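Chain A is the first sequence line, chain B the second, and so forth, proteins listed ahead of strands; every chain is numbered from 1. Because only heavy atoms are used, hydrogens play no part in the values below, and waters and symmetry mates are left out as well, while side chains stay in. Just so it is clear, the structure is predicted and the values come from calculations on it, not from any experiment.
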Amino acid sequence: MSAAQPVTTATFDEVVLKSSTPVLVDFWAEWCGPCRAVGPILDQIADEYAGKIKVVKLNTDEESAIAIKYGITSIPTLNVYVNGEVVKTVIGAKPKPALLKELAAYL
Amino acid sequence: MSSQEIHELVIVGSGPAGYTAAIYAARAELAPILYEGSVTAGGALMNTTEVENFPGFPTGVMGPDLMESLRKQAERFGTKLITDDIVSMKLDGEIKELEDGSGNKLRAKSVILATGSAYKEIGLVNEKRLSGHGVSWCATCDGFFFREKVLAVVGGGDSAMEEANFLTRFATKVYVIHRRDSLRASKIMVDRAKANPKIEFIWNTEVIDVLGADKVEGLKLRNTVTNEESEKAFDGLFVAIGHLPRSELLVGQIDLDGEGYVKVEGRSTRTNQSGVFACGDLVDHTYRQAITAAGSGCQAALDAERFLAGH
């Protein structure tokens, strides 16, 4: 199973902004309960929609520069990037069917 | 899971009530199935830090650790834990029918409802619009992003005091805004907040608007005594004004009171539907503590056990 891969400040450009497929970035942190709850759901989406959307996670504790750049003040925040631009933002942990609905345009 | 099988008991919701019900029901060999919730497993305590008033933990325990322990204890006696949501229920009749978020259908002779509560919103248009952009309901999740900032916490209960205290780890200043001139929080929490040099109280005041284009920049306030309106700059707003019972799936099936809490018979956990029991924050206006939720979860399991023995 291909789980959501970590992304860092160093790889963000290459992995997210220059990606040819849409990328879902999960802004998360270890100490955030709802982030841990939604993590396994994102791993499933990464697996089930491999090839259509790339799912990566950014640890806001370790990579705060990117989190600040995108104005993250609440986690989990899920941003979808297409051609380097944020096209969709989902804030807060949501059940899988609700997430799939929000992400439908990119799956 | 075969839809033909009829389970003895399905528990909907985790947290102290659901897990405790599962511990008792599993020890009574009812082979309970517990739906923890896909993103709400563990309940409200998953977003707290230290719980100091749960008996048996003289030095306190972290909310998520306490839930993990209850979960393991439920599992040890044979509870089947499913990290998914129940999305519909048919609770009348002898056999209850439930469906989960993955489309599985279940049938059961009895159901314990322990879906807890969800946070309350103030109800302002701009509160919703700026949610995730400076408006938050989870200090432990989002406090970190407000280093060296000035924050407002709205509310007067224990959660508001806990959030305010927690937020002073990051913020330069935290204002607690409360619409009355006294707090309903417990004395120890109030004393702690009042002793914290970074916390200041704004009494008799309500938030009537959240200001800011892309992120929170301030609040519009109204004095509840003089009706005088004012604006004040803030970088973030944490809302801690209480909770609402998560009973939306039950409307029309189970008797609820005017605020949406499930009505139970006397001191029992019996609802108006035979074989359906309710516990925890879903039924409790008054106490709303981890230990009272756990206690009522125990009662629900015992009530269900007695019901099943008689049927």
Side-chain angles (χ1 to χ4, degrees), chain A residues 3-4 24-45 47-48 55 57-80 85-103, chain B residues 14-15 35-49 62-65 67-68 83-87 99-103 118-119 128-147 149 151 166 169-170 212-216 235-239:
Chain A
L24 173 66
V25 181
D26 169 23
F27 292 85
W28 75 291
E30 198 63 54
W31 34 259
C32 154
C35 299
R36 287 197 303 272
V38 83
I41 295 175
L42 296 174
D43 286 340
Q44 287 171 23
I45 294 177
D47 188 47
E48 289 162 23
V55 183
K57 45 189 193 178
L58 184 127
N59 185 318
T60 53
D61 246 351
E62 291 160 7
E63 311 292 340
S64 55
I66 297 278
I68 290 166
K69 183 180 170 197
Y70 287 98
I72 307 297
T73 59
S74 188
I75 52 174
T77 287
L78 308 176
N79 272 355
V80 180
E85 300 285 331
V86 179
V87 294
K88 175 88 190 168
T89 298
V90 180
I91 289 163
K94 296 204 161 106
K96 192 175 171 188
L99 264 184
L100 290 179
K101 209 181 213 174
E102 298 247 25
L103 299 172
Chain B
S14 44
Y35 272 85
E36 297 180 279
S38 67
V39 291
T40 50
L45 282 181
M46 297 303 281
N47 296 337
T48 61
T49 53
M62 296 302 279
D65 294 344
M67 286 308 100
E68 186 53 31
T83 310
D84 202 342
D85 307 294
I86 289 295
V87 296
E99 186 176 347
D100 72 17
S102 310
Y119 61 73
K128 197 158 226 122
R129 183 176 62 82
L130 292 170
S131 156
H133 304 284
V135 180
S136 172
W137 285 267
C138 180
T140 57
C141 303
D142 303 338
F144 173 83
F145 299 104
F146 294 91
R147 268 179 209 286
K149 304 281 188 193
L151 300 176
F166 179 81
R169 293 187 197 183
F170 310 101
D214 307 317
K215 60 184 173 65
V216 172
D235 301 303
L237 167 66
F238 285 77
V239 182

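Between the OG1 atom of A:Thr77 and the NE2 atom of B:His133 there is a distance of 7.5 Å, given to the nearest 0.5 Å.
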Inset, instruction - Apply side-chain contact (heavy atoms from CB on, under 4.5 Å) to the pair B:Asp142 and A:Thr73, showing each step before the final yes or no. - result: CA-CA 6 Å; B:Asp142 303 338; A:Thr73 59; over 6 Å; no
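Looking at A:Ala93, both its backbone and its side chain come within 4.5 Å of chain B, counting heavy atoms on both sides. For a residue to count as touching a neighbouring chain, one of its non-hydrogen atoms must lie under 4.5 Å from one of that chain's; by this rule A:Pro34 touches chain B with backbone and side chain alike. With a 4.5 angstrom heavy-atom cutoff, A:Ile68 does not touch chain B via any of its atoms. Neither the backbone nor the side chain of A:Ser64 comes within contact range of chain B; no heavy atom of the residue lies under 4.5 Å from a heavy atom of that chain.
When all heavy atoms of A:Pro95 and B:Asp85 are compared, the pair lying nearest together is CB-OD2, 3.3 Å. A:Ile91 and B:Ser131 make their closest contact through CD1-O, 3.6 Å (heavy atoms, listed as atom of the first residue, atom of the second, distance).
A:Ile75 has its side chain within reach of B:Phe145: a pair of non-hydrogen atoms, C-beta onward, lies under 4.5 Å apart. Contact of the B:Ser38 side chain with the A:Ile41 side chain is registered, since non-hydrogen atoms from C-beta on lie closer than 4.5 Å.
Remark: A:Lys96 NZ is packed, more than 12 non-hydrogen atoms of other residues, nucleotides or ligands lying under 6.0 Å away.
Counting only distance, with no hydrogens or angles, the side chain of A:Ser74 and the backbone of B:Ser136 share no donor-acceptor pair below 3.5 Å.
Options B:Phe144, B:Phe146, B:Trp137 differ in how many heavy-atom pairs under 4.5 Å they form with chain A, and the most are formed by B:Phe144.
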